[in-house]
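Residue numbering restarts at 1 for every chain, and letters A, B, ... go by the order of the sequence lines.
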Number of protein chains: 2
Amino acid sequence: MPKVTPILLDEQLCFSIYAASKKFNHFYQSALAPFGLTYPQYIAMLVLWEDAPLTVHQLGERLELDSGTLTPLLKRLEKQGWVERVRSRTDERQVLIHLTEMAEEKRDEVYARIGQCQTLLGMSNDEIDSMMSELVTVKSQLDTVSQERKIAKQVDKQA
Amino acid sequence: MPKVTPILLDEQLCFSIYAASKKFNHFYQSALAPFGLTYPQYIAMLVLWEDAPLTVHQLGERLELDSGTLTPLLKRLEKQGWVERVRSRTDERQVLIHLTEMAEEKRDEVYARIGQCQTLLGMSNDEIDSMMSELVTVKSQLDTVSQERKIAKQVDKQA
DNA sequence: TTCCAGAGTATTGTATACAATTAAATTGCC
DNA sequence: GGCAATTTAATTGTATACAATACTCTGGAA
């Protein structure tokens, strides 16, 4: 009997995404070094530059992160002067994340820096569009399958 | 003057990859729950099932991880009975990662489990191939740009 | 032989992630 | 109005990642 082998293409796809994600992370970290921002911190700032103030929960929905990740991340952003965490008066459960003046002032600098670095990537809009739509497919498949914790059940049904 | 905006497509591409990577991670974690393996642990096992024994360095090259990540990961795999870490006799600097009997025995079970779960993804080989080749492009771009720490220099040259 | 540059691994420190739990505040329902 | 269920953040515990450093070992040069 031949060796049982896993579906290698899927493996490789997953690993490629995993590796690309790490590389992007490093790329942004280098690009944003002058500002001392990590990639997760940067995307949090991006959302806030659009829509601040937001609650931790609202920010988490946009970034697909929970309070276990965001609370310490936001504390670090606060310590570095980018945001202020303010307990809401109308609903004391909520913490509103406000931008500081520094954040407003540095926004265009950060945008410009990222813009410059991204041009180094040299991907066409078509290439990007195509990848994005495929990634959306993958993500929604993964959502359907795993978000509802159906994996075990479905596999067990097969057995 | 209009607001300066970053190159949103690139942002979205990066975020899509970042989010997809996290979802894949969770997907594998659920699928492998019966074995108690995380995704990074699983890909380490995959490589070892192909080629054990390997040194930490060799494993790290395949997985694109350094000893700072691998050492604790491998210690956990050892504690759970999947591998043995054996200091090489011919070169005392090296640590050889061997598979345990349990690992050999469970290999096909793990493969089968992943095979079952992956069929739930429902992507065609063509779709997967196309994504992979695009991801390889992105990764090599990121390698070229950032691996050699050229980002700052190149941007500064533009200024 | 001795010394030293480099290789290989481990450790330390910082920053994510996320499941699970806790704690506080609010809402809904009687 | 009073209390249970829900919502929202924070906390705890585990597991990656990775830069920077430390430490040991090896092989070659003086």
Side-chain angles (χ1 to χ4, degrees), chain A residues 15 18-30 32-33 36-44 53-61 63-80 82-83 85-97 146-147 149, chain B residues 15 18-30 32-33 36-45 53-61 63-80 82 85-97 146-147 149:
Chain A
F15 183 76
Y18 164 76
S21 177
K22 287 193 301 178
K23 281 203 203 308
F24 257 122
N25 212 298
H26 180 255
F27 171 77
Y28 273 92
Q29 195 118 13
S30 303
L32 295 168
L37 291 172
T38 65
Y39 177 67
Q41 289 168 4
Y42 163 68
I43 56 177
L54 288 173
T55 68
V56 174
H57 182 74
Q58 288 169 329
L59 192 55
E61 277 190 341
L63 301 177
E64 302 178 27
L65 293 172
D66 66 12
S67 70
T69 302
L70 282 178
T71 297
L73 184 152
L74 291 168
K75 282 182 179 173
R76 283 187 283 271
L77 282 179
E78 185 173 45
K79 195 192 251 179
Q80 292 165 33
W82 296 95
V83 303
R85 298 160 59 251
V86 183
R87 188 68 61 174
S88 162
R89 286 189 194 172
T90 54
D91 185 340
E92 289 274 341
R93 289 172 303 182
Q94 301 183 135
V95 169
L96 288 168
I97 313 301
S146 76
Q147 191 177 3
R149 299 168 176 278
Chain B
F15 183 76
Y18 163 77
S21 178
K22 288 194 300 176
K23 282 204 203 306
F24 257 122
N25 213 298
H26 180 256
F27 171 76
Y28 274 91
Q29 195 118 15
S30 302
L32 295 168
L37 291 172
T38 65
Y39 177 67
Q41 289 169 5
Y42 164 66
I43 56 177
M45 289 305 297
L54 289 173
T55 68
V56 174
H57 183 74
Q58 288 170 328
L59 193 55
E61 276 189 341
L63 300 177
E64 302 178 29
L65 292 172
D66 67 12
S67 71
T69 301
L70 283 178
T71 297
L73 185 152
L74 291 169
K75 282 183 178 173
R76 282 186 285 272
L77 282 180
E78 186 173 45
K79 195 191 251 180
Q80 293 165 34
W82 295 94
R85 297 160 59 251
V86 182
R87 188 68 60 174
S88 162
R89 286 189 195 172
T90 56
D91 186 340
E92 289 274 342
R93 289 170 302 183
Q94 301 183 134
V95 169
L96 288 168
I97 313 301
S146 76
Q147 190 178 2
R149 298 167 176 279

Atom pair [atom1] ([X]) and [atom2] ([Y]), whose distance is rounded to the nearest 0.5 Å:
X	Y	atom1	atom2	answer
B/Gln94	B/Leu54	CD	CG	11.0 Å
B/Leu96	B/Gln58	CG	CD	8.0 Å
B/Lys22	A/Tyr18	NZ	OH	15.0 Å
A/Ile43	A/Leu65	CD1	CG	6.0 Å

Discussion item. At less than 4.0 Å, is any side-chain N or O atom of A/Tyr18 found next to OP1 or OP2 of D/dA17? Yes or no.
Written reply: yes

Worksheet item: Is the shortest side-chain N/O distance from A/His26 to OP1 or OP2 of D/dA19 below 4.0 Å?
Response: yes

Worksheet entry | For A/Arg93, all residues meeting side-chain contact (heavy atoms from CB on, under 4.5 Å), sequence neighbours excluded | A/Asp91

For atom [atom1] of [X] and atom [atom2] of [N], their distance in whole Å:
X	N	atom1	atom2	value
B/Leu54	C/dT9	CG	C1'	15 Å
B/Phe27	C/dC18	CZ	P	16 Å
B/Arg89	D/dT26	CZ	C1'	19 Å
B/Gln58	C/dA7	CD	C1'	13 Å
A/Leu73	D/dT11	CG	C1'	16 Å
B/Lys23	C/dC18	NZ	C1'	13 Å
A/Glu92	D/dA10	CD	P	12 Å
A/Leu96	D/dT8	CG	P	12 Å

Practice prompt. Indicate, with a heavy-atom threshold strictly under 4.0 Å, whether A/Glu64 touches base, sugar-phosphate, or nothing.
Written response: sugar-phosphate

Practice prompt. May I ask you to say what B/Ser21 touches in the nucleic acid, namely base, sugar-phosphate or nothing, with a heavy-atom cut-off under 4.0 Å?
Written response: nothing

Counting only side-chain heavy atoms from C-beta out, which of [options] sits nearest to [X]?
X	options	result
A/Gln94	D/dT8, D/dC18, C/dA15	D/dT8
B/Gln80	D/dC25, C/dC18, D/dA15	D/dA15
A/Thr55	D/dA9, C/dA17, C/dT16	D/dA9

Fill in: 5' precedence on DNA chain C between B/His57 and A/Asn25 (nearest-nucleotide basis)
B/His57

Worksheet item: Quick one: on DNA chain C, does A/Gln29 or A/Asp91 contact a more 5' nucleotide (nearest heavy atom)?
Response: A/Gln29

Show me the protein contacts with nucleotides 10-14 of chain C, counting only N or O atoms at under 3.5 Å.
unit_1: C/dA10; atom_1: OP1; unit_2: B/Arg85; atom_2: NH2; d: 2.7
unit_1: C/dA10; atom_1: OP2; unit_2: B/Thr71; atom_2: OG1; d: 2.7
unit_1: C/dA10; atom_1: N7; unit_2: B/Ser67; atom_2: OG; d: 2.7
unit_1: C/dT11; atom_1: OP2; unit_2: B/Lys75; atom_2: NZ; d: 2.7

Worksheet, complete the sentence: Correct closest heavy-atom pair for B/Gly36 and B/Gln41 would be O-OE1, 3.7 Å

Item to complete: Establish whether the base of C/dT9 is bridged to the side chain of B/Arg93 by a donor-acceptor pair shorter than 3.5 Å.
Response: no

Discussion item. Taking A/Arg85's backbone N and O only, do any of them form a donor-acceptor pair with A/Glu78's side chain (distance below 3.5 Å, no angle check)?
Written reply: yes

Worksheet item: Hey, are the side chains of A/Trp82 and A/Leu37 touching, using non-hydrogen atoms and a 4.5 Å cut-off?
Response: yes

